[in-house]
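First comes the structure, then the notes that go with it.
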Number of protein chains: 2
Amino acid sequence: MGQGRDRTVKRTIIIYSLTVAVGAFLLQWLEYRYAVHVFSTEIYIVLIALLFTALGVWVGRRIAARPRGSFDKNVRAIDYLGISEREYEVLELLAKGHSNREIGEQLFVSPNTVKTHLAHLYDKLEVARRTQAVDRARALGMIP
Amino acid sequence: MGQGRDRTVKRTIIIYSLTVAVGAFLLQWLEYRYAVHVFSTEIYIVLIALLFTALGVWVGRRIAARPRGSFDKNVRAIDYLGISEREYEVLELLAKGHSNREIGEQLFVSPNTVKTHLAHLYDKLEVARRTQAVDRARALGMIP
DNA sequence: TGGCACATCCCCCGAACGGGTGAATCTCTC
DNA sequence: GAGAGATTCACCCGTTCGGGGGATGTGCCA
């Protein structure tokens, strides 16, 4: 579930390194081209600081911004409430707004079975309605 | 809705500025204390680059990480679909898992009125069920 | 001033949902 | 091998939802 994220981080690192390389090359080139420091050391330091701060901000944002669609399933809550595999599958389809009949069709069971799973879910989540179950499960981070 | 966020950004900027000031002071002090550059310029540049990159990453992460509970309501989607004030209020309570009767009580209207608003919401969101309406509204960023 | 959007309410009816009870498998564990 | 838990299904009954109408009042604006 974190594959896309890993790729993003890798690409971020690559772009960062490339930018550093290009920056170093530019500095060398400036020194070579004009043989001397054009500006005073302080200005160079400030420029470099600014540049790398900007770069750092960019990197930090990319690292912190979790890609759309990613989601850390709160397994602890699921375990703590003792929600079974099948019940979780029903919960997922429930959150997508499917009816009991549709859920049953997708899981290859009868609507009655779906109702039983739902009843267990309502018990464990301590709710009375399907909409409440979705809301609560989402609040607990069990579903995206 | 973004007050806590503004405070976080402000504090981030303040801490950043303070760090820069302290860093500048340290450099000055080093130069003053030892009269000369202890290391070569390249190493200084690398150190500064690393320091400010780290600082930038920290700043970027703080900026990008939206505090828990914050949420940008997608007003464009709401406007585009022509969802009225009252309908949105119903939608909010709907997403919390309330029944029509409960929604009516909280909005001081009859369940029949709630049903009418819901019917309009179903039309505008192009869905058939309340759970679907919640799912779609969430997908469109209209509700948290 | 007549249409338009909005909000409010009513009734009816079929479908969906929720609660309760019971029961048959199957798997894992003690 | 007994018991616990998970999964599957059935039936009944009452509540809730959803869709179809129709109705009234208000405010806006062309």
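Proteins come first, then strands; the chains are lettered A, B, ... in the order of their sequence lines, and each starts at number 1. Values in this document were obtained by computation on a predicted structure and should not be read as measured data. We use all heavy atoms of the structure for the numbers below, so side chains are in, but hydrogens, waters and symmetry mates are not.
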Sugar-phosphate, base or nothing in reach of B/A119, heavy atoms under 4.0 Å: nothing
Under 4.0 Å, counting only non-hydrogen atoms across every strand here, what does A/H117 touch: a base, just sugar-phosphate, or nothing?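 Base: the residue A/H117, judged by heavy atoms under 4.0 Å, touches a nucleobase.
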Show your reasoning for whether side-chain contact (heavy atoms from CB on, under 4.5 Å) applies to B/L125 and B/Q132. CA-CA 9 Å; B/L125 291 170; B/Q132 276 182 355; over 6 Å; no
Out of [options], whichever nucleotide has its closest atom nearest the side chain of [X]:
| X | options | result |
| --- | --- | --- |
| B/N112 | C/dC11, C/dA16, D/dG19 | C/dC11 |
| A/T116 | C/dC10, D/dT16, D/dA10 | D/dA10 |
| A/K115 | C/dC10, C/dG19, D/dA10 | C/dG19 |
| B/S110 | C/dC10, C/dC17, C/dA7 | C/dC10 |

Using whole Å, what does the distance between atom [atom2] of nucleotide [N] and atom [atom1] of [X] come to?
| X | N | atom1 | atom2 | answer |
| --- | --- | --- | --- | --- |
| A/H120 | C/dG18 | NE2 | P | 14 Å |
| A/D79 | D/dA6 | CG | P | 12 Å |
| A/Q132 | C/dC17 | CD | P | 16 Å |
| B/R129 | C/dC17 | CZ | P | 6 Å |
| A/R86 | D/dT8 | CZ | C1' | 9 Å |
| A/L94 | C/dC17 | CG | C1' | 11 Å |
| B/K124 | D/dG19 | NZ | C1' | 17 Å |
| B/I78 | C/dC6 | CD1 | P | 14 Å |

On DNA chain D, compare the nucleotides closest to A/T113 and B/R130; which residue's is nearer the 5' end?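 Nearer the 5' end of the strand: A/T113.
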For [N] and [X] - does any side-chain N or O of the residue sit under 4.0 Å from the phosphate oxygens OP1/OP2?
| X | N | result |
| --- | --- | --- |
| B/S84 | C/dA7 | yes |
| B/N100 | D/dC17 | yes |
| B/Y122 | D/dG18 | yes |

Can you tell which of A/K96, A/R101, A/E102 makes a side-chain hydrogen bond (donor to acceptor under 3.5 Å, both in side chains) with A/H98?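 It is A/E102; the other options fail the test.
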Between A/L94 and A/A133, what is the shortest heavy-atom contact and its length?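 What the structure gives for the nearest pair is CD2-CB, 4.2 Å.
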Would a 4.5 Å heavy-atom cut-off, applied to side chains only, mark A/R129 and A/Y122 as touching? no
Side-chain touch A/V134/A/T131, heavy atoms, less than 4.5 angstrom: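 A/V134 does not reach A/T131 side chain to side chain.
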Any N/O donor-acceptor pair, A/S99 side-chain to C/dC17 base, under 3.5 Å: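 Under the 3.5 Å cut-off, the side chain and the base do not form any donor-acceptor pair.
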